[in-house]
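Values below: all heavy atoms of this structure, side chains included; hydrogens, waters and symmetry mates excluded. Because the structure is a prediction, the values reported are computed rather than measured.
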Amino acid sequence: MRIEHDPRRGLFETVVEGVRAHLEYGREDGRLAILHTVVPEAVGGRGIAGALTEAALDYARAEGLKVEPRCAYAQAWFRRHPEAADLLA
């Protein structure tokens, strides 16, 4: 899966079988706030949201940012991945 990052729009996005999925974020005070993770039902259940989240976390690490998971998916992802707790704001 190819994930594109558009920092001007605050998006990580991918297209799977012609369907666009994305993670929207904002940067505030040294933090990357994950605002929305959207994977249409047509391509759900394939790990796309997780891959988008991991791409955002890789970016946060590279930029020295802490992460504030504001959307339900990102909050659940962090509960399932305690090894990433060092990134939490």
Side-chain angles (χ1 to χ4, degrees):
M1 171 181 337
R2 183 174 166 189
I3 297 175
E4 298 288 334
H5 179 208
D6 184 343
R8 289 180 303 121
R9 294 175 37 221
L11 290 176
F12 287 90
E13 57 191 337
T14 190
V15 176
V16 176
E17 296 180 7
V19 179
R20 182 178 168 271
H22 70 276
L23 178 147
E24 180 183 343
Y25 71 89
R27 283 184 67 156
E28 306 165 0
D29 302 322
R31 297 179 181 186
L32 182 131
I34 299 177
L35 306 173
H36 302 286
T37 305
V38 178
V39 177
E41 190 174 323
V43 294
R46 302 180 192 192
I48 297 168
L52 290 166
T53 300
E54 289 173 17
L57 299 185
D58 288 346
Y59 172 71
R61 274 193 202 284
E63 293 290 311
L65 303 170
K66 290 294 186 179
V67 177
E68 185 178 343
R70 293 188 189 169
C71 78
Y73 178 84
Q75 291 167 0
W77 189 95
F78 272 100
R79 284 193 297 275
R80 291 190 311 272
H81 295 88
E83 70 277 6
D86 64 305
L87 281 173
L88 286 171

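Here Glu68 does not pair with Lys66 in a salt bridge; the nearest charged N to carboxylate O distance is not below 4.0 Å. For the pair Arg46 and Glu17, the salt-bridge criterion is met [side-chain N within less than 4.0 Å of a carboxylate O]. Using a 4.0 Å cut-off between a side-chain N of Lys or Arg and a carboxylate O of Asp or Glu, Arg27 and Glu63 qualify as a salt bridge.
Closest approach of Ala21 to Ile48, counting heavy atoms only: CB-CG2, 3.8 Å. Here the shortest heavy-atom pairing between Ala60 and Val67 reads CB-CG2, 3.7 Å.
For the atom pair CZ of Arg9 and CD of Glu4, the computed distance is 11.0 Å after rounding to the nearest 0.5 Å. With rounding to the nearest 0.5 angstrom, the NE2 atom of His22 is 8.0 Å from the CD atom of Glu13. Between atom OH of residue Tyr25 and atom OG1 of residue Thr53 there is a gap of 13.5 Å, rounded to the nearest 0.5 Å. How far CD of Glu24 is from CG of Asp6: 11.5 Å, rounded to the nearest 0.5 Å. Here the CE atom belonging to Met1 is positioned 6.0 Å from the CD1 atom belonging to Ile3, to the nearest 0.5 angstrom. Here the CG-CG distance, from Leu35 to Leu23, works out to 8.0 Å after rounding to the nearest 0.5 Å.
Under a hydrophobic clustering in which Ile, Leu, Val, Met, Phe, Trp and Tyr are joined whenever their side-chain heavy atoms come within less than 4.5 Å, directly or via other members, Leu52 and Val19 fall into the same cluster. Cluster membership for Val43 and Phe12, using ILVMFWY side-chain heavy atoms within less than 4.5 angstrom, is shared.
In this structure a side-chain-to-backbone donor-acceptor pair under 3.5 Å is present from Thr14 to Arg2.
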N/O donor to acceptor pairs below 3.5 angstrom from side-chain atoms of residues 78-89, sequence neighbours left out:
| residue | atom | partner | partner atom | Å |
| --- | --- | --- | --- | --- |
| Arg80 | NH2 | Tyr73 | OH | 3.4 |
| His81 | ND1 | Trp77 | O | 2.9 |
| Asp86 | OD1 | Arg61 | NH2 | 3.3 |
| Asp86 | OD2 | Arg61 | NH1 | 2.8 |

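Every residue meeting the side-chain contact (heavy atoms from CB on, under 4.5 Å) condition with Ala74, not counting sequence neighbours, appears here in chain and number order: Ile34, Pro69, Cys71.
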(request) Begin with the C-alpha distance, continue with both residues' side-chain angles, and end with the deciding distance and a verdict on ring-ring contact (aromatic ring centres under 6.0 Å, His included) for His5 and Tyr59. (result) CA-CA 9 Å; His5 179 208; Tyr59 172 71; 4.5 Å; yes

